[in-house]
Colleague: 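I'd like to ask some things about the structure below.
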Amino acid sequence: MASFSLFCNSRLSGSTHIAAACSDYACTKPGKGMSSIQAGLRCSWNNERSSCGLSSHRAFWPCFHMKFLHGCVCPEPRAVSSTFMSFCFATSGLQTDEAMGLTLRELCADKVPPLLLDRAEELGFKHPTRVQLEALPLLLSERDCILHSQTGSGKTLTYLLPVLAKISPRRAAVQAIVVVPTRELGMQIARVARKLGGRGFELDLQKRKSSVSIMTLLDGGMSTRQKKWLKAEPPQLIVGTLGCICRMIETKNLKVNAVATIIVDEVDTSLHSATQKLLEKLLAVYTLPDQRQTIFASATIAQHHRFLQDCIQRKWAKANLVHVHSQPAEKMPSNILHHYVLCSSEQKLEALHAVLCSDAPHAAFIFVNELSEKAKTAGSKPSVTAVHDYICKELIGVSANQEWDVLLLEEDTNVDERSATFTKLGGRCLLIATDLAARGLDVPEVTHVYNFDLPTAASYIHRAGRTARRPLKSEICTVTSFISSKELFIINRLENELSCKFSEFKFSLNTHEHWHPGVDSVPPCTADIPSQSSMTICNDKG
Ligand SMILES: Nc1ncnc2c1ncn2[C@@H]1O[C@H](COP(=O)(O)OP(=O)(O)OP(=O)(O)O)[C@@H](O)[C@H]1O
């Protein structure tokens, strides 16, 4: 038996909503724990306080067994279920979700085929990450959802499991679409989907075909063979860029009448004037929200309350769209250290070389800003290429780390080279890239990220997020930005906007050996911020 307290503004509606919220959330918990949670629910009033007792099955309600009886102000009765959940996680005092002991299998029991769960376990997904814990029950009960959580927190598995579980492998029709901003992210998501649900477990226990066929529709990569395949034997899952998917629908190569789920990954990248029109067509014209489940995902969604309302008003999603905001106080993983190096623009390349030699990262991403349109028209050499060439010249063959695979990724690289670069990612690689590589790419070996040029705050989050990608571990990773003294104010701004602390790496150009950090092993300040979790809910009444 465990209990918690909620403070509400209004007695009557508060008590009703708490009861409704608890049973609503209990209903989203699959399996045998559910009935005992509902049975044990009771509400009573005590000086403006509604106290709910929950007795539950141990396996399904582990967080309540560890800490309970906390107060939580509920500002809006309708938001009570979000408060309820955020409260549970924020006050549970748990460091990792693994510590809660709940397995992915228990969380998804009865809603995800055992073969799919077996495969997830084989791939190392045994315990859910925080966002999986919060969102999977909702997604598995068919709710439309905005998944808003840190980079590397496991959003891909969060939406792929319910999608693959819902697809009927014996029906030759496109049943789900994942929209991605770049071809590299598309290739990566298709790879994860194939590992989970693609060829490999062809037959289920009743000896029926149970693998899902997956196809990518990525810019620049549509062959006649693919178009024929789309028509003759449609795949069940499509992973593609918005432009490519819309083109295929308009040219009637892709039929969407059987689509039951659409996921828009990195959704904030689709909200610019050019792409938003295409997104509008896909979500509100070619397909209808009432006939499908809609999932949006990103680590950065500016003005998320407004985004949620807009989605409902524009009929991009159903009116009961839920915003799952996992750990909102921590914009970035707390195991990332943030450093900056002060140097003039002429010294930058040398400084980068020196830091690389000093850090000797296992694998790293080096981000360089794209050239301005003006510079491009003037025929200037992209600085990303210049950095790549310099690194190759200086590092390869002379350094002790000559086994690094130095790779280049930028917009102007042709499709085949981009695919080749993507397949080489992993192991001991140094990728020099523009922001093309900032979104979603998952190379768990990356321990260091370098900002040769400073990005915007949102881009900083995504670039930094290419490291620290083992959600249930806390190895320390580093992001180093190279700035001139004139750019120091930007660092201050980033500190405020991102709630993180930067420390200076001091360095002398003549003596690379004497590199030393300004402050030794500064713990990231986000570690001091109390862990929180919140979730906003919007129903028919808004
Ligand atoms: N339950 C889990 N247990 C262990 N590892 C996991 C689990 N879920 C996901 N991962 C791993 O965590 C890493 C990050 O996952 P993923 O790429 O889905 O993050 P993300 O939240 O989509 O990040 P981004 O916002 O940067 O795209 C991947 O290497 C993935 O394999």
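Whatever order the structure lists ligands and atoms in, that order sets their numbers, starting from 1. Worth saying up front: this structure is predicted, and the values here are computed from it rather than measured.
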Colleague: Are there any N/O pairs under 3.5 Å between ligand 1 and the protein, and if so, what are their distances?
Modeller:
residue: ligand 1; atom: 1 (N); partner: His127; partner atom: O; Å: 2.8
residue: ligand 1; atom: 1 (N); partner: Gln132; partner atom: OE1; Å: 3.0
residue: ligand 1; atom: 8 (N); partner: Gln132; partner atom: NE2; Å: 2.9
residue: ligand 1; atom: 17 (O); partner: Arg469; partner atom: NH2; Å: 2.9
residue: ligand 1; atom: 18 (O); partner: Lys155; partner atom: N; Å: 3.3
residue: ligand 1; atom: 18 (O); partner: Thr156; partner atom: N; Å: 3.0
residue: ligand 1; atom: 18 (O); partner: Thr156; partner atom: OG1; Å: 2.7
residue: ligand 1; atom: 19 (O); partner: Gly154; partner atom: N; Å: 3.3
residue: ligand 1; atom: 19 (O); partner: Arg469; partner atom: NH2; Å: 3.3
residue: ligand 1; atom: 21 (O); partner: Ser153; partner atom: N; Å: 3.2
residue: ligand 1; atom: 21 (O); partner: Ser153; partner atom: OG; Å: 3.4
residue: ligand 1; atom: 21 (O); partner: Gly154; partner atom: N; Å: 3.1
residue: ligand 1; atom: 21 (O); partner: Lys155; partner atom: N; Å: 3.0
residue: ligand 1; atom: 21 (O); partner: Lys155; partner atom: NZ; Å: 2.9
residue: ligand 1; atom: 22 (O); partner: Thr156; partner atom: OG1; Å: 3.4
residue: ligand 1; atom: 23 (O); partner: Gly152; partner atom: N; Å: 2.8
residue: ligand 1; atom: 23 (O); partner: Arg469; partner atom: NH2; Å: 3.2
residue: ligand 1; atom: 25 (O); partner: Lys155; partner atom: NZ; Å: 2.8
residue: ligand 1; atom: 26 (O); partner: Arg466; partner atom: NH1; Å: 3.2
residue: ligand 1; atom: 26 (O); partner: Arg466; partner atom: NH2; Å: 2.9
residue: ligand 1; atom: 26 (O); partner: Arg469; partner atom: NH1; Å: 2.9
residue: ligand 1; atom: 26 (O); partner: Arg469; partner atom: NH2; Å: 3.4
residue: ligand 1; atom: 27 (O); partner: Glu266; partner atom: OE2; Å: 3.4
residue: ligand 1; atom: 29 (O); partner: Asp442; partner atom: OD1; Å: 3.2
residue: ligand 1; atom: 29 (O); partner: Asp442; partner atom: OD2; Å: 2.6

Colleague: Taking Arg119 for its side chain and Lys195 for its backbone only, find out whether a donor-acceptor pair lies under 3.5 Å.
Modeller: yes
Colleague: Please set out all donor-acceptor pairs under 3.5 angstrom arising from side-chain atoms of residues 156-164, sequence neighbours excluded.
Modeller:
residue: Thr158; atom: OG1; partner: Gly154; partner atom: O; Å: 2.6
residue: Tyr159; atom: OH; partner: Asp265; partner atom: OD2; Å: 2.7

Colleague: If the plane angle is over 60° it's perpendicular, under 30° parallel, otherwise tilted; pick one for His148 and His325.
Modeller: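 Taking His325 first and then His148, their aromatic rings lie parallel (interplane angle under 30°).
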Colleague: Without hydrogens or angle criteria, can the side chains of Arg130 and Ser326 be said to hold a donor-acceptor pair below 3.5 Å?
Modeller: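 Checked: Arg130/Ser326 side chains show no N/O donor-acceptor pair below 3.5 Å.
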Colleague: Should the ring pair Phe307 and Trp316 be called parallel, tilted or perpendicular, given that the plane angle runs from 0 to 90° and is split at 30 and 60?
Modeller: perpendicular
Colleague: Using the benzene-type ring in the case of Trp, are the ring centres of Phe502 and Tyr460 under 6.0 Å apart?
Modeller: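 Judged by ring-centre distance (under 6.0 Å), Phe502 and Tyr460 do meet the cut-off.
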